[in-house]
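In what follows, a single structure is set out as structure tokens and then discussed.
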2 protein chains.
Amino acid sequence: MFNFEDYAKSAFTVDNIIFGFDQGELKILLIKRGEPPYTNQWALPGNFVYPNEDLDAAAERVLGELTGLKDVYLEQVRTFGEVNRHPLGRVITVAYYSLVKIKGYNLKGTSPLSQKAKWVSIENATNLAFDHDQIFEACFRRLKRRVRTRPLGFELLPRKFTLTELQQLYEAILQPEKKIDKRNFRKKILSMKILVDLNEAQEGVAHRPAKLYKFDKKKYEKFVAEGFNFEI
Amino acid sequence: MFNFEDYAKSAFTVDNIIFGFDQGELKILLIKRGEPPYTNQWALPGNFVYPNEDLDAAAERVLGELTGLKDVYLEQVRTFGEVNRHPLGRVITVAYYSLVKIKGYNLKGTSPLSQKAKWVSIENATNLAFDHDQIFEACFRRLKRRVRTRPLGFELLPRKFTLTELQQLYEAILQPEKKIDKRNFRKKILSMKILVDLNEAQEGVAHRPAKLYKFDKKKYEKFVAEGFNFEI
DNA sequence: GCAAAAGTGTTCTCGGTACACCCATGC
DNA sequence: GCATGGGTGTACCGAGAACACTTTTGC
């Protein structure tokens with residue numbers, strides 16, 4: 001006879017890779033582990049899923065406890081469940097990634113973990129605890145693909161941004177196909193008509209100030225409904 | 001203090017959507033449930049993941065028990081873990097899909113479940129048990145996307161096939177953008193140089209017999225290594 | 001000889017890519 | 001006035017899309 005308890009011997013968790021863009025670099029938020037296993041190694045932020053909690057909600061909670069942010073872009077990527085991936089027992093983890101705007105927010109987490117968190121540029125995000133290298137790879141690959149067909153880039157930029165910032169963001173994500181032609185990039189992105197020229201300019205820069213734009217989500221959604229496809 | 005057992009109260013399963021192509025139609029293998037909940041409703045093939053079993057292995061086992069097949073294309077899609085998706089308790093399920101060649105094989109499963117399995121054309125695969133409609137949707141969407149950038153179609157066809165069969169397969173998957181131009185399709189697929197003309201022809205058809213081709217996987221992999229991108 | 005599907009080329013359009021110089025500001 | 005990044009237009013090429021008739025077989 002089938003007995004539910006016989007199969008309920010596994011734990012499951014979510015890991016949430018939190019991407020941010022700062023100083024022209026793509027970064028993720030890592031946590032320095034304070035206890036075994038993998039003490040003192042960097043790890044992805046994650047947590048167990050509570051018994052009455054949906055998976056997405058758990059990922060949002062991890063993000064919230066760490067940064068104080070909510071309502072950010074969140075996407076499930078893939079589930080990692082190799083038998084021996086966790087030394088303490090059978091632990092299946094569902095991997096997510098989030099996109100947050102670093103600038104203009106003081107990230108403050110509520111959990112003690114947030115003390116041990118640090119933004120690390122993606123080139124340096126190696127040698128992570130558990131199978132987190134693999135998880136990071138999978139999520140970053142997904143982001144690279146997704147960002148070309150969905151207007152996700154704006155989730156990583158401040159509300160007002162310049163076209164050069166936007167281009168640098170794409171270059172940071174799509175590396176090493178790093179070299180995007182400035183004129184072609186602008187022609188393409190402006191031809192989509194999903195950016196609004198704010199008629200404002202950068203201030204305090206030692207060169208010709210750039211114009212500021214914002215992303216017009218309403219317009220984007222209207223175009224999509226009409227069959228438009230974002231594509232970079 | 002952290003106690004592993006406190007969190008190990010959930011069960012997890014895999015569901016595996018098995019796609020096949022037959023009579024010009026895309027079909028999936030469904031199981032008629034013989035017990036509650038959802039008695040007599042159609043459901044996706046699935047099973048609990050054994051404590052010492054990797055997720056992929058569990059999905060392969062589900063496939064094997066049902067069809068006797070192994071070494072087929074298998075891809076993880078997404079994990080469904082809503083708190084109340086299963087009436088018996090908290091059950092998280094990892095969704096997979098497989099692509100199998102129906103023709104030329106007598107599918108014979110080892111499990112008693114295989115008696116209750118049936119190939120159902122995807123248009124009729126609705127009103128499934130649990131949240132399986134949703135799971136099917138997600139997997140079918142993934143297949144639609146994937147099939148345009150990876151040579152997966154061949155996994156669903158017999159080893160030798162005609163160009164018309166290949167085109168019909170794409171039309172079945174990519175519906176409702178159903179109308180593909182014959183000349184353009186052939187020009188494109190042949191220009192990739194990944195098909196081998198077998199110098200054989202169909203037999204016993206009441207019209208001009210079509211030439212038979214096979215997919216050259218070696219060549220495809222060589223081209224990919226050189227930077228080639230499959231794209232339909 | 002008729003029904004049924006196989007096979008085959010050309011033209012047009014549009015989007016992608018390559019490419020170099022002047023402009024506005026801070027110091 | 002000089003250093004720094006901002007901003008702009010054109011020409012070429014190749015891929016995708018549209019489109020109709022002849023060929024080969026079974027009956």
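Excluded from the calculations below are hydrogen atoms, water molecules and symmetry mates; all remaining heavy atoms, backbone and side chain alike, are included. Order of the sequence lines sets the chain letters (A, B, ...), proteins ahead of strands, with each chain counted from 1. Only a predicted model underlies this, so the values are computations on that prediction, with no experimental measurement involved.
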Can you tell me which nucleotide in C:dG7, D:dG6, C:dT17 comes closest to the side chain of B:K182?
C:dG7
Separation of C:dG9 atom C1' from B:N184 atom CG, nearest Å, is 11 Å
D:dG7 phosphate, OP1 or OP2, under 4.0 Å from A:R186 side-chain N/O:
yes
Do you see a donor-acceptor pair shorter than 3.5 Å between the side chains of B:R186 and B:S191?
no
Residue pair A:P209/A:D181 against DNA chain C: nearer the 5' end by closest nucleotide is A:D181
Map B:A206 and A:A210 onto DNA chain D by nearest heavy atom, then report which one ends up closer to the 5' terminus.
A:A210
Distance below 4.0 Å between A:K188 side-chain N/O and C:dG16 OP1 or OP2:
yes
Measure from CG on B:L195 to P on C:dG7 and round the result to the nearest Å.
13 Å
With the side chain of A:R208 defined as its heavy atoms from C-beta on, choose the nearest nucleotide among C:dC19, D:dG6, C:dG7.
D:dG6
5'-most contact on DNA chain C: B:K211 or A:K187, nearest heavy atom basis?
B:K211
Selection from C:dC19, D:dT4, C:dA4 that lies nearest to any side-chain heavy atom of A:H207
D:dT4
Give the rounded distance in Å between these two atoms: NZ of B:K179 and P of D:dC19.
12 Å
Close aromatic pair by centroid cut-off 6.0 Å: A:F130 and A:F80:
no
Measure from CG on B:N229 to P on D:dA15 and round the result to the nearest Å.
13 Å
If I take atom CZ in residue A:R183 and atom C1' in nucleotide C:dA18, what distance separates them, rounded to the nearest angstrom?
8 Å
Given D:dG6, C:dG16, C:dA18, the nucleotide with the shortest approach to the side chain of A:T164
D:dG6
Distance-only polar pair, side chains of B:Q167 and B:E171, donor-acceptor under 3.5 Å:
yes
Please report the distance, rounded to the nearest Å, between CD1 in A:I180 and C1' in C:dA18.
15 Å
Taking atom C1' of C:dT17 as reference, at what distance in whole Å does atom CD1 of A:I232 sit?
15 Å
Less than 6.0 angstrom separating the ring centers of B:F161 and B:F154, yes or no?
yes
Kindly give the heavy-atom pair with the smallest separation between B:D15 and B:H132, and that separation in Å.
OD2-NE2, 3.7 Å
Once you round it to whole Å, what is the distance between C1' of C:dG16 and CG of A:L190?
16 Å
